[in-house]
Amino acid sequence: MTYEHQKIEQKWQKFWSDNHTFKTTDDTSKPKYYALDMFPYPSGQGLHVGHPEGYTATDIMSRFKRAKGFNVLHPMGWDAFGLPAEQYAMKTGHNPADFTSQNVAHFREQIQSLGLSYDWDREINTTDPEYYKWTQWIFEKLYEKGLAYESKMMVNWDPIDRVVLANEEVIDGKSERSGNRVERKALRQWVLKITAYADRLVDDLEELDWPEAIKEQQRHWIGRSKGAAVFFNIDHSDKQIEVYTTRPDTLFGASYMVLAPEHQLVNEIVTDEQSQAVSDYRAMISAKSDLERTDLNKDKTGVFTGAYGINPVNGEKLPIWIADYVLASYGTGAIMAVPAHDERDFEFANKFNLTIKPVIEGGDITQAPYIGDGVHINSDFLNGFDKVTAIDNIISWLEEHGAGHSQTNFRLRDWIFSRQRYWGEPIPVIHWEDGTKSLVPENELPLLLPRATELRPSGNGESPLANLTDWLEVTREDGVKGRRETNTMPQWAGSSWYFLRFVDPHNQEKLADPDKLKYWMNVDLYVGGAEHAVLHLLYARFWHKFLYDLGVVPTKEPFQKLVNQGMILGGNHEKMSKSKGNVVNPDDIVAQFGADTLRVYEMFMGPLTQSKPWSEEGITGSRRWLDRVWRLLVDDAGQLRDHVTTVNQGDLDKVYNQTVKKVTDDVENMRFNTAISQMMVFVNEAYKSEALPIDYMNGFTQLLAPFAPHMAEELWLRLGHESSITYVTWPEYDETQIVDDTVEIIFQVNGKVRGKAKVTRDIDKNSMIDLAKADENVQNFIDGKEIRKIIAIPGKFINIVVG
RNA sequence: GCCGUUGUGGCGGAAUUGGCAGACGCGCUGGACUCAAAAUCCAGUGGUGGCAACACCGUGUGGGUUCGACUCCCACCGACGGCACCA
């Protein structure tokens, strides 16, 4: 009987489902393992072959840990709010909820066809009111703690979709999602104070088992820098300018100052003569997109304001300019310019003929600014000091004279949390006509998203909810009228805490039971794409820390170990896309070759973390191997082959034990490709053997089970066991069977291999040397030459160095 | 420009601690089976030279450390990903 994947896979998927094989209980007597995938957005396109890669990886780990005696939590859910559904709804006049649930059903069916061992009783959906009740609850807590506030923000405005985009959703001046050109617009927004957690978000990265590249990206995104705030008085004015600098030690080298064009003080300090030039410049800048101000603009521009600042350390008058190379959003939006020691200031000073005054020895400042360390000069009491000492000294001086202080700054900005969209969690706030606002009381949560079939943009920058007056307008007991918040939450909201809900998905009283959280958290393994390196992972960490401070969760961090799977590219080594016609549909693969083949192939392609190209020949190769495994054990009549016996001739002892060892070790370290290749080696050896010891066949089937679970279950049955293989204890290996009495040693001359010999394992150094010298080919290379040195590692190799 | 990842046969990749480069798979070649083909099984397969033993060359490029380097160090080149004047 040939290997009939469709029959076998359907049979076992039904078995697992009927028997609730993967149902997770809170059995705290066992060690726990929480393996989590980044839950998908159920798009209309369905699954692509990239999804199964990460899912298979966590599934292998889950099945492996079950066999190792762990209580495994391995759940799946849906991140189902999101813009595509809303856009589709607007186009077709449907409600996003309807086809979102269709998409979810399709995704679930596709995912289930892959034989993944999820506990489907824990399935969650961010659009389910039972779920988003708690998303709203967390928002209310943030609000109560002063971490959610409203602010008029210059936001990225997509004039076609009429939605606001966060900075990080704008790529090259265009919307990441719609591709529309983005404009700037001031709108009232809800903002979350993620910056209050900036220090902890940087510091706590240390203790996480994450790829260094991701940690580095987060550190850079948060962008902590240590420096000083310095106050400059303004000539003929009682105003002050506060600048931020990381190099306060170069204060004596400041030769001008720059304000961001949007800086509040510009209007107050500009002189009459310069007023026209300044307003012209500001008009020119505001018309430019961020892209034009940065990428496309390699040439520094700016305008003199006519005003002068006073250097606090020496009383020098410094001309104050405005220039778009200073950003209003970073630091204080004002800098002291030290052109001798800063690239940007140097470029600007050269263009506008401003003074360049060196205060550190080194480099040639007629050619280029000198950024490095060195002895300070032209700096009065800082002369002679190096950078670190000079910074300490100047900060002390500034503090003593009330002219500044040390200061830490972050690149990270607060998180614009509201979206002018329908398809998101309603923000549970009511704005009253008396000017006050209040939260929807906790016992009234969830605040349901009203059902709407006709989604129309409000046209005024508000979400389509502004059209739904029944929902929108509320009256308080005292007769005061109010209007509900029309902004909704971003897609990042539901995904910032879903890993907690999986622990206790049906809890009516709490987000999750504290004892269960204590048992299950942290997530032991979190697998997903690197595109979430910063945003999702940073937001989730922020919420988690907030919930930790509230005492809701027991751990500071949510995800202990993070792994990013690489991309699966098309056969032409390019990213899969419809336009390139290189998209592979997993449904087709499952139908033609089976889920087990797909799983084995995706794991065998190469290291999980690397990008690798899809190959049609590759998948047939994996299928061929599974066929080969099947035929090894099952004959044409569908019976276990006769050569599987209780007799052990011993010829497979070594390779079997090696295989158990290597596969165990590789799976532990998620090196699935080499684990599979070792199983292939075993199968190749088994084909050469006349008798297959049943114990070894049992063990091999167990090793195979996490990779090709359907086939393994079927073989397990035919090997005479009861179902299921899932909780059968993982095989052990016998170290003594791996170690040979004899080993092959290498003879090298000058580091090149010139001979080999089989020797007993415990051979001593001198015998090895004698053997080497006696080797015919070795003699060809050492005869007549002086032996200078012999390096010998017993049992491994010997290197004779001749001169 | 900065940060990160990466570079090994015809292709995907392996080499876990500095110690036989190319495991395993694909492809290709040959053999067995077959009337034949497919499938399957077995064997071979980095390049050059040689009947062979074997020799020389070979892990992006150039240098270095070492008895010995895919592995460590320095400089450079290419590919991929992220960031964009962050004071």
Side-chain angles (χ1 to χ4, degrees), chain A residues 2 168 172 211-217 219-221 223-225 227 243-247 250 258 290-291 293-295 297-298 300 323-327 329-338 342-345 347-348 409-412 530-531 533-534 564 566-567 569 571 573 575 600-601 604-607 609-622 624-625 627-628 631 662 665-666 669 671 673-681 683-684 687-688 744-756 776-777 780 788-793 796-802:
Chain A
T2 54
E168 51 268 26
D172 290 339
E212 196 48 43
I214 300 289
K215 290 193 190 181
E216 203 49 46
Q217 275 186 59
R219 283 189 201 105
H220 180 243
W221 189 266
R224 179 164 64 190
S225 77
V243 307
Y244 173 72
T245 176
T246 53
R247 294 297 304 276
T250 61
V258 186
D290 275 6
L291 184 72
R293 280 174 67 161
T294 55
D295 285 27
N297 188 1
K298 295 295 165 207
K300 294 263 181 300
D324 63 355
Y325 82 93
V326 173
L327 308 176
S329 54
Y330 182 76
T332 59
I335 62 157
M336 63 179 216
V338 185
D342 181 278
E343 303 247 6
R344 297 150 300 183
D345 298 345
E347 202 187 313
F348 191 82
N409 254 355
F410 297 93
R411 206 180 80 102
L412 183 72
E531 66 272 20
V534 179
N564 291 124
M567 230 186 312
L569 307 168
H573 287 69
K575 208 169 159 170
V600 167
Y601 175 57
F604 184 62
M605 289 169 88
T609 53
Q610 257 160 47
S611 295
K612 52 243 154 193
W614 184 268
S615 148
E616 195 59 40
E617 289 79 28
I619 188 108
T620 57
S622 292
R624 264 207 309 251
W625 182 66
D627 280 330
R628 199 167 146 84
R631 279 194 307 270
K662 178 143 178 71
D665 194 45
D666 280 350
N669 294 290
R671 292 187 297 254
N673 54 331
T674 51
I676 292 169
S677 81
Q678 181 62 40
M679 287 192 277
M680 288 171 169
V681 169
V683 170
N684 289 346
Y687 260 85
K688 289 173 197 158
E744 193 177 55
I745 58 168
I746 314 295
F747 302 144
Q748 293 183 352
V749 179
N750 285 348
K752 296 203 171 187
V753 180
R754 299 301 179 190
K756 300 174 186 186
E776 203 181 321
N777 198 38
N780 291 337
R788 299 203 168 167
K789 198 173 177 181
I790 297 178
I791 296 110
I793 296 178
K796 279 203 152 175
F797 80 101
I798 176 163
N799 187 12
I800 301 172
V801 185
V802 295

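In what follows, every chain begins at residue 1, and chains take the letters A, B, ... in the order their sequences are listed.
- Rounded to a whole Å, the CD atom of A:Q748 is 13 Å from the P atom of B:A55.
- In this structure, A:D342 reaches neither bases nor backbone, as no heavy-atom distance under 4.0 Å exists between it and the strands shown.
- B:C70 and B:G7: their C1' atoms are spaced 11 Å apart (whole Å).
- Across B:A69 and B:U59, the matching C1' atoms stand 11 Å from one another, rounded to whole Å.
- Where A:D666 and A:V801 meet RNA chain B, the nucleotide closest to each residue was compared, and A:D666 sits on the side nearer the 5' end.
- B:G4 atom P lies 15 Å from atom NZ of A:K215, rounded to whole Å.
- Contact annotation: the side chain of A:N684 approaches that of A:R628 to within less than 4.5 Å [non-hydrogen atoms, C-beta and beyond].
- Comparing atom distances between the A:E216 side chain and each of B:G12, B:G4, B:C85 picks out B:G4 as nearest.
- Taking 3.5 Å as the limit, the base of B:C42 and the side chain of A:K688 contain no donor-acceptor pair of atoms between them.
- Salt-bridge annotation for A:R624 and A:E617: absent, with no side-chain N of the basic residue lying under 4.0 Å from a carboxylate O of the acidic one.
- Across the protein-nucleic acid pair, A:N777 atom CG and B:A52 atom P stand 17 Å apart, rounded to whole Å.
- For RNA chain B, each stem of at least three Watson-Crick or G-U pairs (distances under 3.5 Å) is given as range with range: B:1-7 with B:77-83, B:10-12 with B:24-26, B:27-32 with B:40-45, B:46-49 with B:54-57, B:60-64 with B:72-76.
- Here A:S225 lies in heavy-atom contact (under 4.0 Å) with sugar-phosphate atoms only.
- Expressed to the nearest 0.5 Å, how far CG of A:N799 lies from CD1 of A:I790 amounts to 9.5 Å.
- Closest contact between the side chain of A:K612 and the listed nucleotides B:G12, B:G68, B:C85 involves B:G12.
- By the 4.5 Å heavy-atom criterion applied to side chains, A:I335 and A:D342 are not counted as neighbours.
- Taking the side chain as every heavy atom from C-beta outward, A:I800 and A:F747 never approach each other to under 4.5 Å.
- When side chains are defined from C-beta on, A:P211 does not count as touching A:T609, because their heavy atoms never get closer than 4.5 Å.
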Encode nucleotides 23-34 of chain B as B, S and - characters from 5' to 3', where the letter depends on protein heavy atoms closer than 4.0 Å: B to the base, S only to sugar-phosphate, - to neither. BBSSS-------

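- When distances are taken from the side chain of A:R754 to each of B:C20, B:A14, B:A55, the shortest belongs to B:A55.
- The residue among A:D345 and A:K796 whose nearest nucleotide of RNA chain B lies closer to the 5′ end is A:K796.
- Glycosidic conformation at B:G81 (O4'-C1'-N9-C4 for purines, O4'-C1'-N1-C2 for pyrimidines): anti, more than 90° from 0.
- Nucleic acid contact class of A:E343 (heavy atoms, under 4.0 Å, all strands): none.
- Judged purely by atom type and a 3.5 angstrom limit, A:Y601 uses its side chain to pair as donor or acceptor with the backbone of A:S615.
- Under 4.0 angstrom from either OP1 or OP2 of B:A39 there lies no side-chain N or O belonging to A:R631.
- Side-chain atoms of A:K756 come within donor-acceptor range of the base of B:C20, with a qualifying N/O pair under 3.5 Å.
- Remark: A:K789 is not in phosphate contact with B:U66, judged by side-chain N or O atoms under 4.0 Å from OP1 or OP2.
- Note: A:F348 and A:Y325 have tilted aromatic rings, judged against thresholds of 30 and 60 degrees for the angle between ring planes.
- The phosphate of B:C83 (OP1 or OP2) has no side-chain N or O of A:R411 nearer than 4.0 angstrom.
- One N or O on the side chain of A:N750 and one on the backbone of A:V802 form a donor-acceptor pair closer than 3.5 Å.
- Remark: C1' of B:A21 and NZ of A:K752 are 13 Å apart, rounded to the nearest angstrom.
- Using a 4.5 Å heavy-atom cutoff, the side chains of A:T2 and A:D627 are not in contact.
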